[in-house]
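Remarks on the structure that follows.
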Amino acid sequence: MRLHAIRKIRSLFAVALAAAVVAGCAAVKPEEAAREPLVPPEAPKVAPSPPTAVSQEQARIAAAYGGVYEKPDLSSYLNRIADRLTAASDRPELRYKVVMLNSPLINAFALPNGSLYVTRGLLAVANDSSELAAVLAHEMAHVSARHAMQRADEERKAVLVSRVVSDILQDQEGAAVALARGKLSLASFSRAQELEADRIGVQNIARAGFDPYGASRFLLSMGRQADLRSAALGQKPSQPGLDFLSTHPSTPERVQLAVAAARQIGAPGVGERDRDAYLTAIDGMVYGDDPSQGFARGRQFLHPRLGFSFYAPAGFTFENGSEALLGVAPDGRALRMDAARLAPGQTLEGYIAENWVDGAAPGPVEKLQINGMEAVTLIARGRDWTFRFAAIHYGPDVYRLIFAARDLTPEVDNGFRQSIQSFRRLSQAESDTARPLRLDVVRARPGDTEATLASRMAFQDRAPERFAVLNGLAPGEPIRPGTRVKVIDE
């Protein structure tokens, strides 16, 4: 969470919903497809060229995903695999560059100029070189098949039809129907692109000598990771067919088609997996939130750079975004934390009077002292949600904690108030010693089981299940001594 000034929460849903883990590909507009112009090496007196559409998109992507993650050996490894895939592809003249993003989210996408982006979260889920190759080959297929341009054309067609119906035929209702039909068509079109990219990717990794079943294994691990996260949040696991407007087919559908495509090439075991090389490359990689943006340890959230900490109420799971910290609980409770600056001469009471949630009626303001800091709090009641709002004056900043519940019972509100009271300054020693979680590759010893290895994980909640999903293992699968596995520790 960066220090981010937000004057007012514009929607009740902004605090009631947490950010979802995205496992898909970003569409890019065709005007962003041009490569950046080459600049002569010796031109110090020439004013810099204005940013191109591609460079602006690259900057936007990096900002949205915590910046670029630097691990030179891993970066070189990823780009060697991309080069190998390119040489085996139908368009070997294209050039690609793999960029790692400093985000725990599971995502990968491509720009039409050949920039391939993968997040730390995605790299942690993969378990061998063929699985990583499948991800890169899928994104390369989007570029070589010009999917972004085709999608943009379909979007323009849908909007054009809607405008013709609205402006020329003077039929507003018909225009809305036409636009809705266009969106359905576009969703189907995008799903078809994803499946085509899966098919092309499987063929490409096989031609490059990798195990073609790597794609199905990775998709299965990705789906298990998403279901594990849903369970931690108290949500139902994703089910195929529920979101028919999604641009991505359901994971079981993609796994089934990836397996079918691999079987057309050969039986399992026909290609290279190279698990050791992959695990060596990712060993020591940061896992989860980057401490520079703050991070969670169970219910505690710490921000060493900004120097504060607080505890969420019982049952909460954090989602740390670039603009705000979000939290959700299985029973529907939610929280949001962000920061702002007081205007010159503005009091906390004046600030909170102008910044409660839109659409909710605020109650009286209560003054507090929280660990030596001035604070105010109030309750705001909306139609469906009730909010406990707190503003804490810490240095030049005001930290806002907004809690939401459909039924704000005294017990629930007491949990909210305890969370507010837990806000405190971190000592310099605490800030200095705060360390990120890291992915550690270890060898199983004689007698090691899923349970013994999971006990080394820096998680108490669902540790055995997390260990199995992280390593692509079936629950309770025996682990041979000497096998290299991933654990998460500090």
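- In this structure, Asp440 CG and Asp283 CG are separated by 5.5 Å, a value rounded to the nearest 0.5 Å.
- Atoms OH and CG, on Tyr65 and Asn102 in that order, are 13.0 Å from each other to the nearest 0.5 Å.
- When all heavy atoms are compared, the tightest approach of Gly307 to Ser431 is CA-OG, 4.4 Å.
- Between the CD atom of Gln293 and the CZ atom of Arg305 there is a distance of 6.0 Å, given to the nearest 0.5 Å.
- No side-chain heavy atom of Gln418 sits less than 4.5 Å from a side-chain heavy atom of Pro313.
- Taking CE of Met285 as the start and CG of Leu437 as the end, the distance is 12.0 Å to the nearest 0.5 Å.
- Heavy-atom minimum distance, Ser221 versus Gly472: OG-CA, 4.0 Å.
- Listed for the Arg120 side chain is a donor-acceptor partner under 3.5 Å among the backbone atoms of Gly288.
- Minimum heavy-atom separation, Arg435 to Glu490: O-OE1, 4.3 Å.
- Between Met100 and Thr119 the shortest side-chain heavy-atom distance does not fall below 4.5 Å.
- Checking side-chain atoms of Ser75 against main-chain N and O of Pro72 turns up no donor-acceptor pair under 3.5 Å.
- For the side chain to side chain donor-acceptor pair (under 3.5 Å) test with Thr377, the passing option among Arg388, Arg417, Glu366, Lys367 is Arg388; the others fail.
- With sequence neighbours excluded, the residues satisfying ring-ring contact (aromatic ring centres under 6.0 Å, His included) with Phe416 are Phe403.
- Side-chain atoms of Leu122 and Asn107, non-hydrogen and from C-beta on, never get closer than 4.5 Å to each other.
- By the neighbour-count criterion of 12 heavy atoms within 6.0 Å, atom OH of Tyr311 is sparsely surrounded, having that number or fewer from other residues, nucleotides or ligands.
- Checked against salt bridge (Lys or Arg N to Asp or Glu O under 4.0 Å), Glu450 has no partners two or more places apart in sequence or in another chain.
- A pairwise comparison of heavy atoms in Ala124 and Leu470 identifies O-CD1, 3.5 Å as the closest pair.
- Here the side chains of Val99 and Ile61 are not in contact, with every heavy-atom distance at 4.5 Å or above.
- The shortest side-chain heavy-atom distance between Asn320 and Phe301 falls under the 4.5 Å cut-off.
- Under the 3.5 Å distance criterion, the side-chain polar atoms of Asn471 are matched with a main-chain donor or acceptor of Lys486.
- Comment: Asp489 does not engage Arg456 in a salt bridge, judged by the lack of any side-chain N to carboxylate O separation of less than 4.0 angstrom.
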Candidate pair Arg466 and Ile488, rule side-chain contact (heavy atoms from CB on, under 4.5 Å), full reasoning = CA-CA 10 Å; Arg466 289 177 187 269; Ile488 307 302; over 6 Å; no

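- In the model, Ser115 has a side-chain atom that pairs as donor or acceptor with a side-chain atom of Asn113 under 3.5 Å.
- Rounded to the nearest 0.5 angstrom, Lys97 NZ and Leu78 CG are separated by 12.5 Å.
- At a threshold of 4.0 Å, the pair Arg333-Asp331 counts as salt-bridged, since one of the basic side-chain nitrogens sits closer than that to a carboxylate oxygen.
- For the residue pair Arg425 and Asn371, the shortest heavy atom distance occurs at NH1-O, 3.8 Å.
- Within a 6.0 Å radius of CD in Gln369, other residues, nucleotides and ligands contribute more than 12 heavy atoms.
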After noting the C-alpha distance and the side-chain angles of Tyr69 and Leu123, does the key distance pass the side-chain contact (heavy atoms from CB on, under 4.5 Å) rule?
-> CA-CA 12 Å; Tyr69 180 61; Leu123 295 173; 6.0 Å; no

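- Here Glu465 does not pair with Arg224 in a salt bridge; the nearest charged N to carboxylate O distance is not below 4.0 Å.
- Across every non-hydrogen atom of Leu378 and Pro364, the tightest pair is CB-O, 3.5 Å.
- A donor-acceptor contact shorter than 3.5 Å is absent between the side chain of Arg381 and the backbone of Thr386.
- Ion pairing of Glu131 with Arg217 is present here, as a side-chain N (NZ or NE/NH1/NH2) and a carboxylate O approach within less than 4.0 Å.
- Counted by atom type alone, Gln428 and Asp432 present one or more donor-acceptor pairs between their side chains at under 3.5 Å.
- One finds the CD1 atom of Ile392 at 12.0 Å from the CG atom of Asp397 (value rounded to the nearest 0.5 Å).
- Within 6.0 Å of CD in Gln421 there are more than 12 heavy atoms belonging to other residues, nucleotides or ligands.
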Step by step, would you call Phe316 with Arg299 a side-chain contact (heavy atoms from CB on, under 4.5 Å)?
-> CA-CA 7 Å; Phe316 269 77; Arg299 290 195 299 119; 5.5 Å; no

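- Looking at Glu430 and Pro304, their side chains never come closer than 4.5 Å, going by heavy atoms from C-beta outward.
- The closest side-chain heavy-atom distance from Val286 to Lys71 is not below 4.5 Å.
- A perpendicular orientation is assigned to the rings of Tyr394 and Phe423, their planes being inclined by more than 60° (bins at 30° and 60°).
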Determine, stepwise, if the pair His303 / Met337 fulfils side-chain contact (heavy atoms from CB on, under 4.5 Å).
-> CA-CA 12 Å; His303 205 308; Met337 181 184 200; over 6 Å; no

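- For the pair Pro362/Phe387, no side-chain contact is recorded, criterion being any heavy-atom separation below 4.5 Å from C-beta on.
- In terms of modelled atom types and a separation under 3.5 Å, the side chain of His393 and the main chain of Gly395 share a donor-acceptor contact.
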